[in-house]
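Each ligand, and each atom within it, is numbered from 1 in the order the structure gives. Not measured: the values here are computed from a predicted model. Below, each value reflects all heavy atoms present in this structure, side chains not excepted, and no hydrogens, waters or symmetry copies. In this chain, numbering begins with 1 at the start of the sequence shown.
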Amino acid sequence: MILVTGGAGFIGSNFILDWLAQSDEKIINLDKLTYAGNLQNLSSLIDDPRYIFVRGDIGDIILVKRLLIEYQPRAIINLAAESHVDRSIHGPEDFIQTNILGTFRLLETVRNYWDDLQDAAKRRFRFLHVSTDEVFGSLVQNEPAFTEKHRYAPNSPYSASKAASDHLVRAYFHTYGLPVLTTNCSNNYGPFQFPEKLIPLMIANALEGKSLPIYGDGLQIRDWLYVADHCSALRRVLEAGALGETYNVGGWNEKTNLEIVYTICSLLKELNPHSNFHDLITYVKDRPGHDRRYAINAMKIERELNWKPMETFETGIRKTIHWYLNNQQWIADVQTGAYREWIDKNYAGL
Ligand code: NAD
Ligand code: TYD
């Protein structure tokens, strides 16, 4: 079986659903259920014997040790993190705790477990650390996209904490020989993304007739990847990635924030011709230290592991909009916090 951390979040829940749609290998999901963890995303698995949920912190050494000994996973996919840049600006502490200290403690616990494995299990074991392109900092217009060799230059507390975790993962490979793999992925979008991030926030606000807040001039560029493509890249790296290597994952999809928001407005208008969503666009104060452009060169993973994204932005954004339109109760539960009441009731004492 495999152990996924942060599996109740956006990418984690997509990863678990995709994994179990293609494989009968069991999954344990270790998730602390912060505001970003939502078990409703995985409600279809409640009675599935291939899926085990454990509420807990990646930094809880006793708990993680117990899980490793009890379930003997052949791999760990580390998705648990604090992930939102704006939150990291308002309160960096949680980012340091989970992304740096939590990852460190997880690595330490995993190293002790791995050290004691028999030879065959030891050779087979993998620790896949999921990171971001934001560790590379900001590009100017026309500068080549990030390759794996680009120097780290993180600019926000979020990206700095992720960079620190990447360095620790690297050090555990070089110092202890822990069989690690790291992926650095660009901005994801798709089902189950918390409506604090650009794309779901814009869709949710537009559906409610609220303003669509564009930071600064809206000409910042991100490289967007549909979440199912990220999940397939993670499966591929886990299956065939070379130990100690890092792989950039991206969608070859550079767009300005304004382009994204205009596209969302136009697609919503196709479905609802009487509303003028574009009128909701509002320019607001820029984010401090706002990175201007991210772009991923994903040639290495294509060349070495034969992975390419399947979705274009045009197909992926349509699927995403349809998902949010069909799941307005999910948005409402997240916004009102109803899902948290459910979690508190169901997991009281855990
Ligand atoms: P998310 O915020 O939606 O989910 C994070 C999950 O981790 C939540 O379920 C939360 O409860 C859990 N968690 C937080 N702290 C924990 C802890 N200490 N112990 C156990 N669980 C904890 O994040 P996401 O967007 O799904 O991102 C997942 C990973 O992918 C993160 O490491 C992020 O840095 C990385 N990443 C995200 C993107 C993106 O665009 N979303 C892009 C590249 C990389
Ligand atoms: P976000 O989804 O927070 O991802 P990240 O900061 O990790 O790239 O933001 C994507 C881009 O959209 C980023 O340039 C900030 C911008 N943005 C807005 O203009 N308005 C918003 O309300 C949000 C949430 C983001």
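- Close to ligand 1: Gly56, with a non-hydrogen atom less than 4.0 angstrom away.
- Annotation for Arg318: atom CZ does not count as buried by contact number, only 12 or fewer foreign heavy atoms lying within 6.0 Å.
- Taking distance alone, with nitrogen or oxygen atoms compared against 3.5 Å, Arg287 approaches ligand 2 more closely than that limit.
- When only modelled atom types and interatomic distance are considered, Ser186 and Trp224 share no side-chain donor-acceptor pair under 3.5 Å.
- For the residue pair Asn253/Asp223, the side-chain donor-acceptor check at 3.5 Å is not satisfied.
- Residue contacts with ligand 1, taken as heavy atom pairs separated by less than 4.0 Å, do not involve Phe95 at all.
- Of the options Tyr35, Phe10, Trp330, a ring-ring contact (aromatic ring centres under 6.0 Å, His included) to Phe194 is made by Tyr35 and by none of the others.
- Among the atoms of Thr98, some N or O lies under 3.5 angstrom from an N or O of ligand 1.
- Contacts with ligand 1 closer than 4.0 Å are made by side-chain heavy atoms of Lys162 only, the backbone lying farther away.
- Protein heavy atom nearest atom 23 (O) of ligand 1, with residue, atom name and distance: Ser83 OG, 3.3 Å.
- Gln40 and Gln329 are not linked by any side-chain donor-acceptor pair at a separation below 3.5 angstrom, with hydrogens and angles left out of the test.
- Between His129 and Phe127, the ring-plane angle classifies as parallel under the 30° and 60° cut-offs.
- Near Asn187, meaning under 4.0 Å from one of its heavy atoms, ligand 1 places the atoms 40 (O).
- For the residue pair Tyr172 and Glu108, a side-chain donor N or O sits within less than 3.5 Å of a side-chain acceptor on the partner.
- Taking the six-membered ring for Trp and thresholds of 30 and 60 degrees, Tyr113 and Phe125 have ring planes more than 60 degrees apart, a perpendicular arrangement.
- At a 4.0 Å heavy-atom cut-off, ligand 2 touches Asn187 through the side chain alone.
- Every atom of ligand 2 with a heavy atom of His84 under 4.0 Å away is listed here by number and element: 3 (O).
- Side chains of Asp166 and Tyr152: a donor on one and an acceptor on the other come within 3.5 Å.
- Atoms NZ and CD, on Lys32 and Glu82 in that order, are 7.0 Å from each other to the nearest 0.5 Å.
- With respect to atom 3 (O) of ligand 1, the closest heavy atom belonging to the protein is Phe10 N, 3.0 Å.
- Considering backbone and side-chain atoms together, Gln220 places no N or O closer than 3.5 Å to any N or O of ligand 2.
- Every atom of ligand 1 with a heavy atom of Thr34 under 4.0 Å away is listed here by number and element: 10 (C), 11 (O), 14 (C), 15 (N).
- Not one N or O of Glu196 is nearer than 3.5 Å to an N or O of ligand 2, by distance alone.
- Of all protein heavy atoms, the one closest to atom 10 (C) of ligand 2 is Leu198 CB, 3.8 Å.
- Ranking the protein heavy atoms by distance from atom 7 (O) of ligand 2 puts Glu134 OE2, 2.5 Å first.
- Asn78 and Thr5 share a donor-acceptor pair across their side chains, judged by distance under 3.5 Å alone.
- Among the atoms of Lys197, none of the N or O lies under 3.5 angstrom from an N or O of ligand 2.
- Applying the 6.0 Å contact sphere to CG of Asn276 captures more than 12 heavy atoms from other residues, nucleotides or ligands.
- In this structure, the protein non-hydrogen atom closest to atom 34 (O) of ligand 1 is Tyr158 OH, 2.7 Å.
- Counting only heavy atoms of the protein, atom 13 (C) of ligand 2 lies nearest to His290 NE2, 3.4 Å.
- Shown in contact with Ser186 at under 4.0 Å from a heavy atom are these atoms of ligand 1, numbered in order with element: 42 (C), 43 (C).
- Counting only N and O atoms by type, the side chains of Asn29 and Tyr51 include a donor and acceptor under 3.5 Å apart.
- Contacts of Asn38 with ligand 1, taken as heavy-atom pairs under 4.0 Å, are absent altogether.
- The shortest N or O to N or O distance between Pro213 and ligand 2 is below 3.5 Å.
- With a 4.0 Å heavy-atom cut-off, ligand 2 is reached by the side chain of Leu201 but not by its N, CA, C or O.
- Remark: ligand 2 and Arg222 share an N or O pair separated by less than 3.5 Å (distance only, no angle test).
- With respect to atom 44 (C) of ligand 1, the closest heavy atom belonging to the protein is Ser131 O, 3.1 Å.
- For ligand 2, none of its N or O atoms has an N or O atom of Tyr294 under 3.5 Å away.
- Each of the following atoms of ligand 1 lies closer than 4.0 Å to a heavy atom of Gly6: 6 (C), 7 (O), 9 (O), 12 (C).
- Within the 4.0 Å heavy-atom shell around ligand 1 one finds Leu79.
- When ring centroids are compared, Phe192 and Trp323 come within the 6.0 Å threshold.
- Looking only at atom types and distance, the side chain of Tyr215 has a donor-acceptor partner in the side chain of Asp86 under 3.5 Å away.
- Looking at Lys255 and Thr263, their side chains never bring a donor and an acceptor atom within 3.5 Å of each other.
- Relative ring orientation between Tyr189 and Tyr226 is described as perpendicular, the plane-to-plane angle rising above 60° on a 0-90° scale split at 30° and 60°.
- In terms of protein heavy-atom proximity, atom 25 (C) of ligand 2 is closest to Tyr215 CE1, 3.6 Å.
- Of the protein's non-hydrogen atoms, Ile11 CD1, 3.7 Å is the one closest to atom 27 (O) of ligand 1.
- Considering both main-chain and side-chain atoms, Tyr35 never comes within under 3.5 Å of ligand 1 through any nitrogen or oxygen pair.
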